[in-house]
Amino acid sequence: IGLTWIFLSSAWWWGVLNFLEILFFNIRASSFLYLILANFFVPWALLSWIYSLTCLIYQNKKKLILVIFSIICISYEILLIVLLIINPSMIGVEINPNVVSRTALTLSFSIFAIIVAVITGLFLASHLIKSTDQRTKIRGFFLLSAFLLLTAGAALDSFSWTNLIMIAIIRTLLILSSIAYYFGFFLPERIAKLIVKE
């Protein structure tokens, strides 16, 4: 689950790196590096999430589900690497010095990954919410919030925005999603005591 979140965040590593390079060295991170960071880890995020989910609630169908998603994700990853070598413009196109737009291929896979994550995430959240244990129920509500916020933020971020207000809204949604995700899986004792009534 931790790896899933690390891989998911890789899409925004380039923005951080670009900011730091401009701030300290007055140079811009390459667009090619963006294409790698924004796309290479998405299949691995999806695979690690599916693995985590099957360990939690789909153990009897774990092998079948993992085989299906492994074929999809590894095939996409191979295609991605080949295109990065022979024709990077099929992965993404630079709109301006700070914005690189996804192509139909990478946008489609990102949307597919988001849809899978949302459906499975909501199913997991509803499973927890139905629990009679109050702490488990609260964790379910946090996870429900996390996946809804992540869906909104990631879906909007799949498109290339140049409007600073829109970018700020998207980043806020993703930050709130991260916090809710953490509370959902690792409910801190202080938060639990504030919310859960024994």
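All figures in this text were calculated on a predicted structure; none of them were measured in a lab. Heavy atoms only: backbone and side chains are in, while hydrogens, waters and symmetry mates are out.
For the pair Leu83 and Leu105, the minimum side-chain heavy-atom distance is below 4.5 Å. In this structure, Val116 and Ile50 have side chains that are in contact, with non-hydrogen atoms separated by less than 4.5 Å. The shortest distance between side-chain heavy atoms of Leu150 and Ile114 does not fall below 4.5 Å. The closest side-chain heavy-atom distance from Leu53 to Trp49 is below 4.5 Å. Between Leu80 and Thr106 the shortest side-chain heavy-atom distance falls below 4.5 Å. Between Ile6 and Trp13 there is a side-chain heavy-atom pair separated by less than 4.5 Å. Counting heavy atoms from C-beta on, the side chains of Leu187 and Phe142 come closer than 4.5 Å. Leu84 places a side-chain heavy atom less than 4.5 Å from the side chain of Phe32.
By the 30° and 60° cut-offs, the orientation of the rings of Phe41 relative to Phe7 is parallel. Between Phe69 and Phe112, the angle of the ring planes stays under 30°, which puts this pair in the parallel group of the 30/60° scheme.
A donor-acceptor pair is defined here as one N or O able to donate and one able to accept, closer than 3.5 Å; such a pair exists between the side chain of Asn39 and the backbone of Leu35. For the pair Thr54 (side chain) and Lys62 (backbone), a donor-acceptor distance under 3.5 Å is absent. The closest donor-acceptor contact from the side chain of Ser52 to the backbone of Ile1 lies under 3.5 Å. Checking side-chain atoms of Ser131 against main-chain N and O of His127 turns up no donor-acceptor pair under 3.5 Å. In this structure a side-chain-to-backbone donor-acceptor pair under 3.5 Å is missing from Thr136 to Thr132.
Minimum interatomic distance between Pro43 and Cys73 (heavy atoms only, all atoms of both residues): O-SG, 3.6 Å. In terms of heavy-atom proximity, Pro188 sits nearest to Tyr182 at CG-CE2, 3.8 Å.
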- Query: Does the pair Trp5 and Ser9 meet the rule for a side-chain hydrogen bond (donor to acceptor under 3.5 Å, both in side chains), with working shown?
  - Reply: CA-CA 6 Å; Trp5 203 252; Ser9 68; over 6 Å; no

- Message: Applying side-chain contact (heavy atoms from CB on, under 4.5 Å) to Tyr51 and Thr4, what does each step give before you reach the verdict?
- Response: CA-CA 10 Å; Tyr51 174 80; Thr4 300; over 6 Å; no

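The neighbour count for Phe185 CZ, taken as heavy atoms of other residues, nucleotides or ligands under 6.0 Å away, is above 12. Dense packing is recorded around CG of Leu23, with more than 12 heavy atoms of other residues, nucleotides or ligands lying under 6.0 Å away.
Among pairs with a residue in residues 70-80, those fulfilling side chain to side chain donor-acceptor pair (under 3.5 Å) read Trp44-Glu77, at least two apart in sequence or across chains.
Atom CD1 of Ile81 and atom CD1 of Ile36 lie 9.5 Å apart (nearest 0.5 Å).
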